[in-house]
Amino acid sequence: MMMDANSAAAAKSTIPHKDLANAIRALSMDAVEAANSGHPGMPMGMADVATVLFQRHLKFNAANPAWPDRDRFVLSAGHGSMLMYSLLHLTGVPGVTLDELKRFRQWGSKTPGHPEFGHTPGVETTTGPLGQGIANAVGMALAERILNARFGDDLVDHHTYVIAGDGCLMEGISHEAISLAGHLKLSKLIVLFDDNGISIDGAVSLSCSDDQLMRFQASGWAATRVDGHDPEAVSAAIAAARKSNKPSLIACKTVIGFGAPKKEGTSATHGSPLGKDEVAGAREKLGWAHAPFDIPADIRSAWADIGSRGGEAMQAWGKRLDADKQKAEFERVMKGELPANFAEVLGDLKSTIAKDAPKLATRQSSQLVLDTLVPALPELIGGSADLTGSNNTKAKVAKAVTAENYGGNYIYYGIREHGMAAAMNGMALHGGVIPFGGTFLVFTDYCRPAIRLSALMNQRVVYVMTHDSIGLGEDGPTHQPVEHLAALRAIPNLLVFRPCDTMETAECWALALTTRDRPSVLALTRQALPHLRADAANANHCARGGYVIRPTQKERKVTLIATGSEVAIAVDAQKLLEEKGIGAAVVSMPSCELFDQQSAAYRQEVLGSGLKVAVEAAIGFGWERYIGTDGIFIGMKGFGASAPIADLYKNFGITPAAIVDAVIARM
Ligand SMILES: Cc1ncc(C[n+]2csc(CCOP(=O)(O)OP(=O)(O)O)c2C)c(N)n1
Ligand SMILES: [Mg+2]
């Protein structure tokens, strides 16, 4: 249900637009002044646009900032956080009190330097790294359409609004995002561009000559320019955008730091407090005679009305939900709960794997898992950045999501890894879907800023990263990840899985899906691997991160710790060592992060007390914490090379014989 452009509540307000917008300006400059840190320019410049959006268009209910069918509002230009906090406070979002505004940027406040999802109610995504927000919004708008196709207009029918600045639009990721949104005709996505012509170094013309309207139009968007300080013009443009059958860009010509007498229109207002005199001057120029943080009761009350404007829409929606036969399923997916039969489906799959003992590349194992899970989990939305056949991400039953039919469950992201990763964040944040997407592990570098945000925001996003080592062979060092596992393991809260066979792949997929508050990377091989797990597979061994996959029959002198494709190499080395009378246990370590969470006693038992050897076809960075200073690392010391796989493993010395030689040299 959409609201009229000029709702009843907006019409009854007698407070002039100017006063509503000035309340945002005053709170923003006062909070930055109090913190002696922050960005007043953007909130002051965009106060008019934001006021129009919230007063007349945004479907939003401050009392319930998370109700499912609300419009999403993304502040992609996250440095303008005081715009967001002023809006949340003035509309009456619980917890965003005046006191919190006074504690802007302070320890423990609800008002951190940049908006953080999960920290402040009403903040839809963490922004600050420029360009991420607009790409998140593409994912949100896409999730909205996918869920609309599944649940219908009654339950899912909302817009996604973005405020983006010059910086967001200059970032490369914005190209991927815009291009994907245009291709998928995400017509409910509306970007309000803070077209102020200023960034930190000065005029945007120092570094950029793009015609942004033409640029967006070239990607299939509707684009228009308005005076961002003319509320009627802004409102008319938003109303038109809401009716468009294309995603829309509204370039709002604004003056950064609007109202600051000496500094407005300059980069001096971008990221520093205005200073006492300039703040006093702004009060005068804006006609705002009130003390710092003082909002007159009538203006406060008008803003509260704006905050409750969406209440009726929310109630009407609730009634429709109650009457809907899909209510339980809708609530399940929006809560992010897996279907009740998930454990059963997974158990059956694991039994089949134990019986068949398939010898597959783990990317194919992943496909096998997806062929079972995708039909059972309609919320799973897959995709790949143009490597579908290589990443094995498209389950047999999966159908493409297209502009003509959003009812599919597979997205052709195109060669847009960064955009894909950020869109997946947006989809996960929107809720109702669980996104997974693939590319080569080496190109996690192209996704990294978004992977970091998945982790920071506690989002369940699954990165299916194949061709995970020199094992990919002939494509050579440009395509062979060596430092990537270490670099990914360094990201807090990210789960990095490197399964050694089909059974472990199924277990790691299960962990990625059942861990609701962390993203996962699945590092998967191009090359076929033997089946190693001999057990009947009732327990999920990967849940402990590392475990003894092959105990020794002799006294344990050595522990070989390996991941993924190198577990089989360690198992072969174990046989050779035992033939020489040296007892060696093999540990499979599919996830260092989960292993680190285990008790000291368990970790000690798994790692043993003898010589420790880590085997991984990657650089050794990080393995010291398991093998100690006197352990042995068998792996890569630098970049790989272009050659058939057998020659690579032999020449880089990652073989059973090399392990045995290194161990014997220590005995
Ligand atoms: C990826 C990234 N690079 C650099 C920065 C640092 N930074 C923050 S704001 C900004 C300038 C942004 O300009 P604009 O979007 O025009 O904001 P305005 O000055 O108009 O508020 C920069 C470079 C950042 N936050 N993110
Ligand atoms: Mg700017």
Side-chain angles (χ1 to χ4, degrees), residues 24-25 28-29 31-32 37-50 74-86 105 112-116 125-137 162-178 191-213 215-216 225-229 249-260 263-274 417-419 421-422 425 445-453 456-457:
I24 295 175
R25 294 190 172 99
S28 298
M29 65 181 184
V32 171
S37 163
H39 302 76
M42 187 277 202
M44 294 174 80
M46 282 299 275
D48 292 311
V49 173
V74 172
L75 190 76
S76 190
H79 57 279
S81 56
M82 267 316 301
L83 177 70
M84 185 99 192
Y85 301 144
S86 301
R105 295 187 154 228
H114 294 82
E116 294 179 31
T125 178
T126 297
T127 53
L130 296 169
Q132 292 291 329
I134 189 170
N136 295 159
V162 182
I163 288 184
D166 300 294
C168 290
L169 300 196
M170 268 195 257
E171 290 290 351
I173 190 175
S174 75
H175 176 70
E176 298 182 15
I178 290 163
V191 173
L192 301 160
F193 166 32
D194 180 15
D195 189 7
N196 61 20
I198 292 289
S199 64
I200 292 178
D201 278 356
V204 167
S205 61
L206 289 170
S207 57
C208 187
S209 313
D210 294 347
D211 182 327
Q212 295 292 4
L213 264 56
R215 179 179 167 236
F216 276 74
R225 178 169 275 121
V226 297
D227 175 351
H229 300 297
L249 173 82
I250 304 171
C252 306
K253 267 278 169 212
T254 61
V255 176
I256 189 170
F258 184 94
K263 294 186 176 174
E264 70 169 17
T266 75
S267 59
T269 65
H270 166 89
S272 320
L274 295 178
E417 295 84 5
H418 198 181
N425 281 341
D445 285 342
Y446 277 52
C447 306
R448 192 173 174 88
I451 296 177
R452 182 173 192 271
L453 285 165
L456 180 60
M457 293 192 281

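Counting convention: from 1, in listed order, for ligands and their atoms alike.
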*Hey, does the side chain of Ser81 reach the backbone of Pro115 with a donor-acceptor pair shorter than 3.5 angstrom?*
no
*Atoms in ligand 1 with a heavy atom of Glu171 nearer than 4.0 Å*: 1 (C), 2 (C), 3 (N)
*List every atom of ligand 1 that sits less than 4.0 Å from any heavy atom of Ile256, numbering the atoms from 1 in the order shown and giving each element.*
18 (P), 19 (O), 20 (O), 21 (O)
*Looking only at protein heavy atoms, identify the closest one to atom 5 (C) of ligand 1 and say how far it is in Å.*
Leu130 CD1, 3.9 Å
*Identify the closest protein heavy atom to atom 19 (O) of ligand 1: which residue and atom is it, and at what distance?*
His270 ND1, 2.5 Å
*Write out the residue and atom name of the closest protein heavy atom to atom 14 (P) of ligand 1, then the distance separating them to 0.1 Å.*
Gly167 N, 3.5 Å
*asked:* Under 3.5 Å, is there a donor on one side chain and an acceptor on the other for Gln132 and His418?
replied: yes
*Of all the atoms in ligand 1, which lie at a distance below 4.0 Å from a heavy atom belonging to Pro129?*
26 (N)
*Has Gly41 got any heavy atom lying under 4.0 angstrom from an atom of ligand 1?*
no
*Is the number of heavy atoms from other residues, nucleotides or ligands under 6.0 Å of Asp211 CG greater than 12?*
yes
*Check whether the side chains of Asn196 and Thr254 place a donor and an acceptor atom closer than 3.5 Å, and report yes or no.*
no
*Could you tell me which atoms of ligand 1, counted from 1 in the order shown, lie closer than 4.0 angstrom to a heavy atom of Gly128?*
24 (C), 25 (N), 26 (N)
*At the Mg ion (ligand 2), what's the angle from Ile198 O to Asn196 OD1, rounded to 10 degrees?*
90°
*Any idea which part of Ser199 is under 4.0 Å from ligand 1, heavy-atom wise: side chain, backbone, both or neither?*
both
_Atom indices of ligand 1 within 4.0 angstrom of Asn196 heavy atoms, with elements_ = 18 (P), 20 (O)
*Which ligand 1 atoms, with their elements, are less than 4.0 angstrom from a heavy-atom of His79?*
9 (S), 15 (O), 17 (O), 18 (P), 21 (O)
*Hey, which N, O or S atom on Asp166 ends up closest to the Mg ion (ligand 2)?*
OD2
*Given the side-chain rings of His114 and His79, with only the six-membered ring counted for Trp, is the space between their centroids under 6.0 Å?*
no
*Between Met42 and ligand 1, is there a nitrogen or oxygen pair with a distance under 3.5 Å?*
no
_Under a plain distance cut-off of 3.5 Å, with no hydrogens placed, do Asp166 and Ser199 share a side-chain donor-acceptor pair?_
no
_Please compare Ile198, Ile200, Leu83, Asp201 and report which has the shortest non-hydrogen distance to atom 7 (N) of ligand 1._
Ile200
*asked:* Check this for me, if you would: do Lys253 and Asp195 make a salt bridge, where the nitrogen-to-carboxylate-oxygen distance has to be below 4.0 angstrom?
replied: yes
*Under 3.5 Å donor-acceptor, Tyr85 side chain and Pro112 backbone*: yes
*Which ligand 1 atoms does Gly165 reach within 4.0 Å, using its non-hydrogen atoms?*
15 (O)
